[in-house]
Amino acid sequence: MSAGEITFVINGEKLEVSAITNQSTGYCPQASSWPDVANALQLAGIAGPGHFSSHYEFRRCRLCQAINIIKDDVLECALCEAALPQDWNF
């Protein structure tokens, strides 16, 4: 439902999340997957920030199939320079 990176801190005897992202080039989740992350944290009883600390957009190149993280809104494949789709395509 989502994936990414998470940084935990121990606050007294409680485990908390200090940072969390959707940066996962294996699963490539949309930033809109936050509610699923929030639900998982709540079910685990872990306090979180209420949103992704940083979130990323991903596109798969239709020409070479490379996974791309979109930077500066540039929709161009980093490997073959082909145009990437406007919409998430995983």
Side-chain angles (χ1 to χ4, degrees):
M1 302 182 91
S2 192
E5 299 173 333
I6 188 166
T7 303
F8 294 99
V9 294
I10 299 172
N11 186 2
E13 294 193 20
K14 292 171 58 175
L15 186 64
E16 297 178 354
V17 174
S18 64
I20 190 166
T21 75
N22 70 324
Q23 186 174 349
S24 166
T25 57
Y27 188 69
C28 304
Q30 291 180 284
S32 62
S33 66
W34 174 255
D36 296 312
V37 175
N39 186 50
L41 290 172
Q42 182 180 14
L43 288 172
I46 300 173
H51 53 82
F52 285 121
S53 307
S54 299
H55 60 87
Y56 302 90
E57 292 291 326
F58 302 92
R59 300 293 185 278
R60 181 179 298 280
C61 179
R62 291 183 176 137
L63 186 62
C64 73
Q65 299 300 307
I67 294 171
N68 289 267
I69 295 177
I70 304 304
K71 297 178 182 172
D72 300 323
D73 295 323
V74 176
L75 294 171
E76 182 179 281
C77 180
L79 294 181
C80 73
E81 299 180 351
L84 296 172
Q86 289 285 329
D87 296 321
W88 184 82
N89 64 338
F90 284 87

Do [X] and [Y] come within less than 4.5 Å of each other through their side chains, counting heavy atoms only?
{"X": "I67", "Y": "C28", "value": "yes"}
{"X": "V17", "Y": "F8", "value": "yes"}
{"X": "L41", "Y": "I6", "value": "yes"}

| Within a radius of less than 6.0 Å around CD of Q86, do more than 12 heavy atoms belonging to other residues, nucleotides or ligands occur? |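 Counting neighbours around CD of Q86, 12 or fewer heavy atoms of other residues, nucleotides or ligands fall under 6.0 Å, so no.
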
| request: Check whether more than 12 heavy atoms from other residues, nucleotides or ligands sit under 6.0 Å from atom CG of L43, and answer yes or no. | output: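 It does: L43 CG has more than 12 such atoms within range.
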
| Given N22, which of W34, Y56, Y27 fulfils the side-chain contact (heavy atoms from CB on, under 4.5 Å) condition? |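 The passing option is Y56.
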
| task | Among R62, R60, R59, find the one that has a side-chain contact (heavy atoms from CB on, under 4.5 Å) with L84. | result |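 Passing option: R59.
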
I need the minimum non-hydrogen distance between [X] and [Y], along with the two atoms involved.
{"X": "E81", "Y": "E76", "value": "O-CG, 3.4 Å"}
{"X": "S32", "Y": "P35", "value": "O-CD, 3.2 Å"}
{"X": "L75", "Y": "P85", "value": "CD2-O, 3.8 Å"}

At what distance, to the nearest 0.5 angstrom, does [atom1] of [X] lie from [atom2] of [Y]?
{"X": "F90", "Y": "T25", "atom1": "CZ", "atom2": "OG1", "result": "9.0 Å"}
{"X": "D36", "Y": "Q30", "atom1": "CG", "atom2": "CD", "result": "11.0 Å"}
{"X": "I69", "Y": "S24", "atom1": "CD1", "atom2": "OG", "result": "9.0 Å"}

| query | Are any side-chain N or O atoms of S53 and backbone N or O atoms of T21, one a donor and one an acceptor, separated by less than 3.5 Å? | reply |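 No.
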
| field | Donor-acceptor contact present, side-chain N68 to main-chain A66, <3.5 Å | value |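 Between the backbone of A66 and the side chain of N68 there is a qualifying donor-acceptor contact (under 3.5 Å).
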
| query | So T7 and I20, side chain to side chain contact (heavy atoms under 4.5 Å, CB included) or not? Walk me through it. | reply | CA-CA 6 Å; T7 303; I20 190 166; over 6 Å; no

| query | Should F52 and S2 be marked as a side chain to side chain contact (heavy atoms under 4.5 Å, CB included) after you check the CA-CA gap, both sets of side-chain angles, and the distance that decides it? | reply | CA-CA 11 Å; F52 285 121; S2 192; 4.0 Å; yes

